[in-house]
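Have a look at the structure below, then the notes.
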Amino acid sequence: MTAGTPSPDHEPVSASAYREAMAQLASAVHLVTTDGTGGRAGLTATSVCSVSDGPPTLLVCLNRNSSAYPVFLRNGVLCINTLGATQDRLAADFAGRVKQAERFDGRDWTTLRTGAPVLPGALVAFDCRIVDRHAVGTHDVLICAVEALGGIGGAEGLLYAGRRYRVLRREAPAAE
Ligand SMILES: NC(=O)c1ccc[n+]([C@@H]2O[C@H](COP(=O)([O-])OP(=O)(O)OC[C@H]3O[C@@H](n4cnc5c(N)ncnc54)[C@H](O)[C@@H]3O)[C@@H](O)[C@H]2O)c1
Ligand SMILES: Cc1cc2c(cc1C)N(C[C@H](O)[C@H](O)[C@H](O)COP(=O)(O)O)c1[nH]c(=O)[nH]c(=O)c1N2
């Protein structure tokens, strides 16, 4: 299907056509982590976006089939660790290449305010409390109040587009 040719009215958009279309989008890549009475868990996510800056609020969409889903709900807190250009292997680990119980091994995770694990060397970290959620299809849309920020920013970011990881280059501004 080329851009601009709408699917015929009576034909619903198939999941595979939708995924093919969604694969055209470039997204930042994040490790979404949690810790608390429900235990520690984390997964790779790209469905993160800002909702409001007054009060600072973001959303992340969580598949209810993910092994981490019940842990997030029990803890009620999470950290969005936005990955840098060199952290693609970590993204693959947290996307299922490594079992949930071993995903945090080998790194000195820290915390900010909620106790959710903060990744050392993340581009930026948003430490959040889950304040609302809406079930939509296979996912819950988690509305999260940002309680603290971490990370250094400024480095090159990791992107995901066309079903592979890429680098967001920070070119020097063009000469005037
Ligand atoms: N939002 C998500 O839950 C999400 C996003 C990206 C990838 N994934 C997972 O990673 C696997 C590999 O993804 P890929 O990009 O390499 O190829 P893919 O063809 O499976 O997915 C292409 C795009 O479709 C969207 N998508 C895929 N599965 C989805 C789902 N279950 N819910 C919502 N959106 C979905 C994403 O934007 C994804 O980048 C997917 O099969 C899926 O399990 C999930
Ligand atoms: C690039 C990319 C982006 C995403 C994902 C995967 C990949 C490769 N996954 C799926 C998630 O990371 C993981 O694969 C599933 O949760 C299954 O892992 P568990 O072993 O059950 O934790 C994912 N899952 C989710 O619930 N919300 C999301 O936004 C995303 N985004």
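First listed ligand is number 1; within each ligand, the first listed atom is number 1. Along the sequence shown, residues carry numbers from 1.
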Per-pair distances, ligand 1 N/O vs protein N/O, less than 3.5 Å:
| unit_1 | atom_1 | unit_2 | atom_2 | d |
| --- | --- | --- | --- | --- |
| ligand 1 | 3 (O) | His139 | NE2 | 2.8 |
| ligand 1 | 16 (O) | Tyr160 | OH | 2.6 |
| ligand 1 | 17 (O) | Arg163 | NE | 3.3 |
| ligand 1 | 19 (O) | Arg163 | NE | 2.9 |
| ligand 1 | 19 (O) | Arg163 | NH2 | 3.1 |

Aromatic rings Phe94 and Phe104: how do their planes relate, parallel, tilted or perpendicular, breaks at 30° and 60°?
perpendicular

Between the protein and ligand 2, which nitrogen or oxygen pairs come in under 3.5 Å, and how far apart is each?
| unit_1 | atom_1 | unit_2 | atom_2 | d |
| --- | --- | --- | --- | --- |
| ligand 2 | 9 (N) | Thr44 | O | 3.3 |
| ligand 2 | 12 (O) | Thr44 | O | 2.8 |
| ligand 2 | 14 (O) | Ala95 | O | 2.6 |
| ligand 2 | 16 (O) | Ser66 | OG | 3.4 |
| ligand 2 | 20 (O) | Arg103 | NH2 | 2.7 |
| ligand 2 | 21 (O) | Ser67 | N | 2.9 |
| ligand 2 | 21 (O) | Ser67 | OG | 3.4 |
| ligand 2 | 22 (O) | Ser67 | OG | 3.0 |
| ligand 2 | 22 (O) | Arg103 | NH1 | 3.0 |
| ligand 2 | 22 (O) | Arg103 | NH2 | 3.3 |
| ligand 2 | 26 (O) | Asn63 | N | 2.7 |
| ligand 2 | 27 (N) | Cys61 | O | 2.9 |
| ligand 2 | 29 (O) | Thr46 | N | 3.3 |
| ligand 2 | 29 (O) | Ser47 | N | 3.1 |
| ligand 2 | 29 (O) | Ser47 | OG | 2.6 |
| ligand 2 | 31 (N) | Thr46 | N | 3.2 |
| ligand 2 | 31 (N) | Thr46 | OG1 | 3.4 |

Taking C-beta and beyond as the side chain, do [X] and [Y] meet within less than 4.5 Å on heavy atoms?
X	Y	answer
Arg97	Arg103	no
Phe72	Val32	yes
Arg113	Arg129	no

Which distance, rounded to the nearest 0.5 Å, do you find between the CG of Leu158 and the CG of Asp88?
6.0 Å

Look at the side-chain heavy atoms of Ile, Leu, Val, Met, Phe, Trp and Tyr, link any pair under 4.5 Å apart, and say whether Val124 and Val167 land in one connected group.
no

Have Ser67 and Gln100 got a donor and an acceptor in their side chains that come within less than 3.5 Å?
yes

Under a 4.0 Å N-O cut-off, is there an ion pair linking Arg166 with Glu156?
no

Full working for side chain to side chain contact (heavy atoms under 4.5 Å, CB included) between Leu159 and Tyr165
CA-CA 6 Å; Leu159 291 180; Tyr165 296 105; over 6 Å; no

